[in-house]
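By convention in this document, chain letters (A, B, ...) are assigned in the order of the sequence lines, proteins followed by strands, and residues within each chain are numbered from 1.
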There are 2 protein chains.
Amino acid sequence: MAQKIKLSTIAESLGLSTATISLALRDSPLVAADTREKIKEQARTLGYIYNRRAASLRTSRSGIIGVVVHDVMNPFYGEILKAIESELDRSRHTFILSNHYDSVEKQRTFIETLLQLGGDGVIMSPAIGTPIEDVKLAEQNGMPAILVARTMDGVDLPTYRGDDSYGISLATNHLIGLGHRTIAMIGGTDQTSTGRDRYQGYVNALRKANIEVDPNLRIPGPRSMQGGYEAAVNFLSLPQKPTAAVCWNDLVAIGLMNGIARAGLIVGQDISVTGYDDLEQAAISMPALTTVSNQQADVGRLAARALLDRLAGSHEPDGIHLIRPEMRIRQSTGICRPR
Amino acid sequence: MAQKIKLSTIAESLGLSTATISLALRDSPLVAADTREKIKEQARTLGYIYNRRAASLRTSRSGIIGVVVHDVMNPFYGEILKAIESELDRSRHTFILSNHYDSVEKQRTFIETLLQLGGDGVIMSPAIGTPIEDVKLAEQNGMPAILVARTMDGVDLPTYRGDDSYGISLATNHLIGLGHRTIAMIGGTDQTSTGRDRYQGYVNALRKANIEVDPNLRIPGPRSMQGGYEAAVNFLSLPQKPTAAVCWNDLVAIGLMNGIARAGLIVGQDISVTGYDDLEQAAISMPALTTVSNQQADVGRLAARALLDRLAGSHEPDGIHLIRPEMRIRQSTGICRPR
DNA sequence: CTGAAAGCGCTTACAG
DNA sequence: CTGAAAGCGCTTACAG
């Protein structure tokens, strides 16, 4: 490794001051155009690498934005991240990613690390049980936070998420319209705002159709494909013999469909199943999954935009921004046939 | 936001020097135990946040490790990342993640950013067409690099990946053992080392069994579930009427199986399909997928270990470390029946 | 249009 | 066991 090239190396080699070099490399009009070009050329040939730590220490802006969600491997978050990534890329921000796996400690460690690195802001989908202080920690140290996908009670931060209650009612109404009356709800947890909202939306849709709500038709818990797959046994042995299942998300629905298929029943004929999220794989699952698009791309894009706007000084209104979900009807749902 | 707390704030409040505070907070035995406790206590009550940029500027170590792969949303990389994450967490390193989507530019931008942030090291699965200089850029600036999943010709870096040629021959031999003679290979690209190796392994296995290799039985390209799904039409209309398909990876295999099912054929009976990677969802797909475990957890863990060892000063041998894949036999393969 | 100098917040020899 | 001082590599008023 050659000797470290810094501003002063370039300055000396050209007989200029570091101030001039610094300005020139950042395209300041204060430096004459030809001097600027000469300096840039020299920086290139010397293989100069800009030291962001030094700059950031001086300016107290780092260009770093943190993103922390439950689990990147879950395609739902993956699709949100992709939208955030493409928005931040455009503005030359670096983004640091972390999973919290719903561990409040892991999430706090991440926020602290981000503060230590001088992060400019953070986008988070808060872990279950996140104390308000952990979010305030960021704000109080000058690092604005934006929430995605999950709401937190008692904090007044800009939040971008789908309208879960409305979305799940779309799915439930679709099944009711096909004649289903005994409809189970599979997966999710009351520990997140999303979980509570989706269950509530399902309950509301049933009530509106004058269908009695049977709490035993709810199988809470599963949130993954594996979880949905395992839930199939429970679902199929419910004494009420449900003819349809509203699932927490697409992963649970796909797992459940595979489990039902393995038991010899045909999804879309014997049993109807709906998902939630409209992941890329929903359209090509077997059978193709009827689901609700949660507009992940919009959620990510809008959240990133909101953060960038805030960093640029504009103060967007706080509060919850609900993204409107849309129904996607495919082959996993069909006319009700009693079992 | 309260006034910024720094070492000197704590020092003044306790009538000590910043040197003592700095040492105490890092548990130096040079500071008396009770002074140390008093200092830590004070740091906590003042809400002190360690400024890593300043420290890193001084020490030229940042605690940052970069990881760049093709696409995090691909569960194959996701599983590798998970292993890297858990290994790095333990050593209190922060890791910065990026997708390159096989864009050499995006990858180079990432490496440059990492250098600017003073990254301690980088783990990469190089983009197709990565020029050797881009990797040398990192090394020459004191940032060691480790390769995962893909090899690069002409660079002598520590590389951790599965033994693709051997792995695919396991799958091919398994099909041959079931009586299949007309076996297609679906997906992958000759542009990566992995793609070439897997095709070669398939060819070798056929030759060894005295089965003529028909290049038209290869459908290159697909690497995603969507790709596999779309390839089903081509596959089913091949004039050679293959009875089995060796797929590039599990995603392609699952997509292909869904496509075959949609055409009314039964995978595991009419057509046998093998995957590659043994993703979590392989075991619960419909039918359960016969595949080859690529040992992603080992690849990630060993690569992270190797980097940490190097940062700690030990110089591991360069070169390729091949991880041995393992066969997982499930329901998507069965005895050959002519179509 | 260019330069001299201070300062961002740490850590690290060096003294005592 | 504790302190005074230099320096990491930038940027930014302030002069000229």
### Query
For DNA chain D, which residues in residues 41-58 of chain B have a heavy atom at a distance below 4.0 Å?
B/Leu57, B/Arg58

### Query
Between B/Arg161 and B/Thr194, is any side-chain donor less than 3.5 angstrom from a side-chain acceptor?
no

### Query
Mapping A/Gly15 and B/Ala19 onto DNA chain C by nearest heavy atom, which one lands closer to the 5' end?
A/Gly15

### Query
Do B/Asp34 and B/Lys38 meet the salt-bridge criterion of a basic N to acidic O distance under 4.0 Å?
no

### Query
What pairs with B/Asp27 under side-chain contact (heavy atoms from CB on, under 4.5 Å), at least two apart in sequence or on another chain?
B/Arg36, B/Lys40

### Aromatic plane relationship, B/Tyr77 with B/His70 - under 30° parallel, 30 to 60° tilted, over 60° perpendicular
tilted

### Message
Whether the side chain of B/Arg58 engages the backbone of B/Ala54 through a donor-acceptor N/O pair (distance < 3.5 Å, no angle test) should be reported.
### Response
no

### Message
Once salt bridge (Lys or Arg N to Asp or Glu O under 4.0 Å) is applied, do any residues pair with A/Glu41, and if so which ones, sequence neighbours excluded?
### Response
A/Arg44

### Selection residues 110-134 of chain B - residue pairs positive for salt bridge (charged side-chain N to carboxylate O under 4.0 Å, His left out), sequence neighbours left out
B/Arg108-B/Asp134

### Query
Can you list the residues that meet the salt bridge (Lys or Arg N to Asp or Glu O under 4.0 Å) rule with A/Glu85, with sequence neighbours excluded?
B/Lys106

### Evaluation steps, side-chain contact (heavy atoms from CB on, under 4.5 Å), between B/Ile111 and B/Met124
CA-CA 10 Å; B/Ile111 294 174; B/Met124 51 193 292; 4.2 Å; yes

### With sequence neighbours excluded, residues passing side-chain hydrogen bond (donor to acceptor under 3.5 Å, both in side chains) with B/Asn74
none

### Query
Between A/Ser314 and A/Arg310, is any side-chain donor less than 3.5 angstrom from a side-chain acceptor?
no

#### Entry: Positions of residues 23-36 of chain A (non-hydrogen atom under 4.0 Å from DNA chain C), listed by number
A/Leu30, A/Val31, A/Ala32, A/Thr35

### Task
List the steps, then state whether side-chain contact (heavy atoms from CB on, under 4.5 Å) holds for B/Thr192 with B/Thr189.
CA-CA 6 Å; B/Thr192 62; B/Thr189 162; 4.3 Å; yes

### Task
Could you list the residues that satisfy side-chain contact (heavy atoms from CB on, under 4.5 Å) with B/Ser17, not counting sequence neighbours?
B/Ala19, B/Thr20

### Interface limits on DNA chain C, where chain A has a heavy atom under 4.0 Å of a nucleotide atom
C/dC1 to C/dG9

### salt bridge (charged side-chain N to carboxylate O under 4.0 Å, His left out) partners of residues 61-71 of chain B, not counting sequence neighbours, each pair once
A/Lys82-B/Asp71

### Message
I'd like to know if B/Arg305 and B/Asp298 make a salt bridge, using a cut-off of under 4.0 Å between side-chain N and carboxylate O.
### Response
no

### Task
For DNA chain C, produce a single dot-bracket line, 5' to 3'. Pairs: Watson-Crick or G-U wobble, both distances under 3.5 Å. Symbols: ( ) within strand, [ ] crossing, | other strand, . unpaired.
|||.||||||||.|||

### Task
Output the residues of residues 108-122 of chain B in contact with DNA chain C, where contact means a heavy atom of the residue under 4.0 Å from an atom of the strand; sort by number or write none.
none

